[in-house]
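Take a look at the structure set out below.
Chain A is the first sequence line, chain B the second, and so forth, proteins listed ahead of strands; every chain is numbered from 1. The structure displayed is predicted, hence computed values, not measured ones.
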There are 2 protein chains.
Amino acid sequence: MQHQRPKIVDVARLAGVSTATVSRVLSNPEIVSAETRRLVEEAIRQTGYRLNQAARNLRIRRTGGVLALVPNLSNPFFSQILAGMAAVLAPAGYNLLVADTRAEGGRSILTYAEPSRADGLIVLDGTLPAEGFAGRLPLVLACEWIPGIAAPRVKIDNREAAMMAVEHLIGLGHRSVAHVAGPRGNVLSEARLAGTEQALAAHGLPAPMVFPGDFSLESGRRAGAAWLALPPHERPTAVFLASDAMACGFIGEVQHHDVMVPRDVSVMGFDDIELVSHMTPALSTIRQPREALGRRAAQRLLDRIGGDDRADDTILPVELVLRGSTAPPGG
Amino acid sequence: MQHQRPKIVDVARLAGVSTATVSRVLSNPEIVSAETRRLVEEAIRQTGYRLNQAARNLRIRRTGGVLALVPNLSNPFFSQILAGMAAVLAPAGYNLLVADTRAEGGRSILTYAEPSRADGLIVLDGTLPAEGFAGRLPLVLACEWIPGIAAPRVKIDNREAAMMAVEHLIGLGHRSVAHVAGPRGNVLSEARLAGTEQALAAHGLPAPMVFPGDFSLESGRRAGAAWLALPPHERPTAVFLASDAMACGFIGEVQHHDVMVPRDVSVMGFDDIELVSHMTPALSTIRQPREALGRRAAQRLLDRIGGDDRADDTILPVELVLRGSTAPPGG
DNA sequence: CTGAAAGCGCTTACAG
DNA sequence: CTGAAAGCGCTTACAG
């Protein structure tokens, strides 16, 4: 396949210089004289030479890859984050490798997280065990985070975001607001629940009824069924769900039982995935800056690989997006 | 980071053999005597040695990577296909690299498709120019395909699948069936449109009204608006859309204008993405075997890399999934 | 079955 | 500024 591919020695021969000089033109052009550089560049053009990254990587002892560990690849929420990462990593000469932490058949995901496979790690799953990462690759945590690990984090303020959502519902006149939480033990779940409770308490309202969930559509549907199972006068008039996927499941279930949104119940999601602006009613939600989250995480990892060892937090702003699924109680 | 990592020479020293022997134990154990092998394996265990893939790859002139070219990474339809690919590639020692053919800022996506970057290519975008692939990497086409390229294809029978969908609508009693097509020039769009026309013609029914689309939610919404704009008695009583995303957009738009599905219009999608089973009404659709598509495509690529040069088609079966969005005309 | 040696295609101290 | 040479960590004909 690559028999004819020119290598550095072919360029050197044609330009009448050593391979060292060609290499310098490639990786450090300013230390080569202008005339020599011109010669070499011309030879590169004539031969059609293209650098072999694998060889360079072996020599400089890096792999040229960055590994992203994602809790669920088939969740569209992550796709745009990954796109943001790739946009920063590619120009810096890194490939983005992606692994799904749930999909690994038995074998530990951490077998990938070693120096011969990747130069750095971006972890988007806060439920991985902290011990696994001790002294391994340069690391950045994005969106979720692992308590007890000192590494840069790129995230939103989940508590604040939840408060914004609930303040909106309170402002519409709702007095009983339920929350459908994310998976137990997940840092996002806890922060969003805490924000919900804090906003209600700040207005002297009772603590929220909390339904269990796991961010999935199906768990939102179950929460809808649980809400429907309540006696009508005990049903919270507004529900804030910790993910848009759950909000879709919830709305689907209650609509299926002839409950009208927002007349009978206001529904607020979290994430602003593309779909929810097309539903009937369109979903009010919290927009996360997904592309920016990915870019910043990648940028912080490049910093880290470059020797910057700060373990600081980058907090990106969210946006309250109001659509048709929320209204004053009673419609 | 990797100063202390043992290498092959450390293992050889401890085991009292040459590096060649250690290498053989690693890649070709059966040609080493049982006793020597035991010694080496013990030394590997004691040193904690792990193979450096980059070095092996340089030596055997492969990269250890397979590149998947996807038209739209943020479409959940592709995520599960990628998961299927990774499940086959990882055990074979290949990393899966993923690139979005639309997201590349100017720079040609084909700069990735070269021997120093990947050992093989799986293309899921039928709109890439055929010339770009001449004499490049081992190639497999999945889902979509590029006319004029001879390579193994792994796909469904899109025309047959469309016929199944339309036969279902006809069976319910619909006599006027519209089609919302995929993007023009896309091979899938054409096959699904052809199947729609063929099924209607086979029953002596008039050709379908065809609305333009591009597989996106938003284009489905526009088709909904176009349908609404027709005088009520001219509206087709059933609509078959070439993607579930478009079906979501369509339903959202018509429901927004107080049209009831399926009472006023039956809607049929294509793909069976997870969400559509949770909508109200749940969507009738064609299920594509996404995971299997990914696995088979990866398997065929491994064959190709291994020297198999057949350019055959693998056709995977689809499934007609009937839910609440389709019913006899008038409800 | 095993070892000595060359080499995959680069980069980089070292010397000039 | 430039070159000769060593070396990144492996694999594999070749010889024994």
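- Rounding to whole angstrom units, CZ of residue B:Arg50 and P of D:dC10 are separated by 12 Å.
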(message) Is there a salt bridge (Lys or Arg N to Asp or Glu O under 4.0 Å) between A:Asp312 and A:Arg300? Walk through the geometry before answering.
(response) CA-CA 9 Å; A:Asp312 57 0; A:Arg300 290 296 289 123; 2.7 Å; yes
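- Distance check on atom C1': D:dG16 versus D:dT12 gives 16 Å, rounded to whole Å.
- Residue B:Val17 is in sugar-phosphate contact alone, with no base atom involved, counting any heavy-atom pair closer than 4.0 Å across all strands shown.
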(request) With pairs defined as Watson-Crick or G-U wobble and both distances under 3.5 angstrom, please note down DNA chain C as a dot-bracket string, | for pairing with another strand. (result) |||.||||||||.|||
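- A sub-4.0 Å separation between OP1 or OP2 of D:dT2 and a side-chain N or O of A:Ser33 is present.
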(message) Can you build the contact string for nucleotides 11-16 of chain D? Use B for base contact, S for sugar-phosphate-only contact, and - for no protein heavy atom under 4.0 Å.
(response) BBB---
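- Protein atom CZ of A:Arg13 is 16 Å distant from nucleotide atom C1' of D:dG3, rounded to whole Å.
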(request) Decide salt bridge (Lys or Arg N to Asp or Glu O under 4.0 Å) for A:Arg295 and A:Glu291; before the verdict, give the C-alpha distance in whole Å, the side-chain angles of both, and the deciding distance to 0.1 Å. (result) CA-CA 6 Å; A:Arg295 287 182 172 272; A:Glu291 162 97 13; 3.0 Å; yes
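- To the nearest angstrom, C1' of D:dC8 lies 4 Å from CG of A:Leu58.
- A salt bridge is absent between B:Asp10 and B:Lys7: the closest approach of a Lys/Arg side-chain nitrogen to an acidic carboxylate oxygen does not fall below 4.0 angstrom.
- B:Arg5 has its CZ atom 10 Å from the P atom of D:dG9, to the nearest Å.
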